[in-house]
A.B. asks: 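Have a look at this one.
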Amino acid sequence: DAGVIQSPRHEVTEMGQEVTLRCKPISGHDYLFWYRQTMMRGLELLIYFNNNVPIDDSGMPEDRFSAKMPNASFSTLKIQPSEPRDSAVYFCASSRLGTGGPAGELFFGEGSRLTVL
Amino acid sequence: AQKITQTQPGMFVQEKEAVTLDCTYDTSDPSYGLFWYKQPSSGEMIFLIYQGSYDQQNATEGRYSLNFQKARKSANLVISASQLGDSAMYFCAMRDNAGNNRKLIWGLGTSLAVNP
């Protein structure tokens, strides 16, 4: 089975440019998460969706960040305009609500490494 | 507020020996889950093991086991018979299991190096 697929794997851009990160969750998973990882702050949850609906976006840093999930198989995280402090690895993860066991461990994509110059 | 603390920024272990990675947590919720993830140098996050707060026994998954001490609020990961491929960052995380909450609180991680 295909795992969570993220693109691009690497992105280098200049300050002020728009950045769009993409994610395809595992088929059948009804939760999708966007995380940001930096050395200083570790893993931060930005936003998560359930059945394509945003549930908690309290981690979105500011209005420059937006996320959408138009359907069950696709999500985007957009940064506009980008700033050097946005440089990080952005992970997408998906899970499904289950019964018994871990009931929703996260399956992560390989991450998108963003560098804003 | 919920919090995860991993006090060991870095650990070393000799190949084939066991190692314990510490994790303490703080929560006032009676129902919660504890997770451990591995992040090798390639970057992907890999789920290792889960412990529910009401589970009667410590979780085990192959060479991984979780030393769950509820009264002390600790959930240490034990890796037995370490292998070179175990060298990675290890993250402890916690989730309040009330309702349909799916938000994880993460520790800052422990870097494990396995020496040949």
Side-chain angles (χ1 to χ4, degrees), chain A residues 2-6 8-10 23 25-26 29-51 53-60 69 88-114, chain B residues 1-10 23 31-61 64 66 68 75 88-111:
Chain A
V4 175
I5 299 172
Q6 290 186 247
R9 291 292 313 278
H10 301 275
C23 176
I26 293 173
H29 283 193
D30 51 359
Y31 285 86
L32 184 139
F33 304 77
W34 282 101
Y35 280 91
R36 177 171 68 178
Q37 185 179 37
T38 60
M39 289 294 292
M40 292 300 296
R41 300 171 70 109
L43 267 166
E44 301 174 278
L45 176 64
L46 300 176
I47 185 171
Y48 78 94
F49 296 83
N50 177 218
N51 292 324
V53 176
I55 301 300
D56 186 338
D57 66 354
S58 58
M60 295 287 264
M69 192 165 185
V89 179
Y90 291 81
F91 285 101
C92 177
S94 70
S95 72
R96 66 178 177 84
L97 182 64
T99 56
E105 70 270 31
L106 301 182
F107 293 82
F108 282 79
E110 293 181 309
S112 295
R113 181 175 294 277
L114 173 65
Chain B
Q2 293 180 327
K3 186 179 179 181
I4 290 283
T5 303
Q6 294 181 256
T7 57
Q8 307 153 312
C23 173
S31 177
Y32 53 89
L34 296 154
F35 299 76
W36 277 92
Y37 283 81
K38 172 184 178 181
Q39 186 177 37
S41 57
S42 51
E44 75 274 25
M45 297 283 286
I46 303 166
F47 166 73
L48 295 178
I49 196 167
Y50 169 84
Q51 179 84 45
S53 58
Y54 291 126
D55 292 345
Q56 294 297 312
Q57 295 186 332
N58 286 345
T60 61
E61 288 289 346
Y64 304 109
L66 206 152
F68 181 46
M89 283 289 293
Y90 289 82
F91 292 93
C92 180
M94 175 175 63
R95 183 186 70 207
D96 162 18
N97 280 346
N100 289 336
N101 174 56
R102 284 291 173 262
K103 190 171 181 175
L104 284 173
I105 308 299
W106 295 82
L108 292 179
T110 295
S111 176

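The model shown is predicted, which means the values in this text are computed figures rather than measured ones. Chain letters run A, B, ... following the sequence lines, proteins first, then strands; residues in each count from 1. For the numbers below, each heavy atom of this structure counts, side chains included, while hydrogens, waters and symmetry mates do not.
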A.B. asks: Report the distance from atom CZ of F91(B) to atom CD of Q37(A), rounding to the nearest 0.5 Å.
C.D. replies: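 The CD atom of Q37(A) is 5.0 Å from CZ of F91(B), to the nearest 0.5 Å.
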A.B. asks: At what distance, to the nearest 0.5 angstrom, does OG of S58(A) lie from NZ of K103(B)?
C.D. replies: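 Answer for the OG-NZ pair, S58(A) versus K103(B), is 3.5 Å.
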A.B. asks: Heavy-atom cut-off 4.5 Å, strictly under: side chain, backbone, both or neither for E44(A) against chain B?
C.D. replies: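 Neither part.
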A.B. asks: Where on T38(A) is there a heavy atom nearer than 4.5 Å to chain B: the side chain, the backbone, both, or neither?
C.D. replies: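 Neither part; nothing is under 4.5 Å.
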A.B. asks: Supply the atom-to-atom distance I49(B) CD1 to E105(A) CD, rounded to the nearest 0.5 angstrom.
C.D. replies: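 Those atoms lie 12.0 Å apart.
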A.B. asks: Examine whether an atom of L104(B) lies under 4.5 Å from a heavy atom of chain A, and if so say whether it belongs to the side chain, the backbone or both; otherwise answer neither.
C.D. replies: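 Contact with chain A: backbone and side chain both.
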A.B. asks: Under the rule for ring-ring contact (aromatic ring centres under 6.0 Å, His included), what residues qualify as partners of F107(A), not counting sequence neighbours?
C.D. replies: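 Result, ring-ring contact (aromatic ring centres under 6.0 Å, His included) vs F107(A): H29(A).
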A.B. asks: Measure distances from R41(A) to the heavy atoms of chain B and classify the residue's part below 4.5 Å as side chain, backbone, both or neither.
C.D. replies: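 For R41(A), the contact with chain B is made by the backbone alone.
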A.B. asks: Which residue pairs pass the salt bridge (charged side-chain N to carboxylate O under 4.0 Å, His left out) test with at least one member in residues 34-43 of chain B, sequence neighbours excluded?
C.D. replies: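 Residue pairs passing salt bridge (charged side-chain N to carboxylate O under 4.0 Å, His left out), neighbours aside: none found.
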A.B. asks: Answer with side chain, backbone, both or neither: which region of Q39(B) has an atom nearer than 4.5 Å to a non-hydrogen atom of chain A?
C.D. replies: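 Contact with chain A involves the side chain of Q39(B) alone.
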A.B. asks: side-chain contact (heavy atoms from CB on, under 4.5 Å) between L106(A) and M45(B): does it pass, once the steps are laid out?
C.D. replies: CA-CA 9 Å; L106(A) 301 182; M45(B) 297 283 286; over 6 Å; no
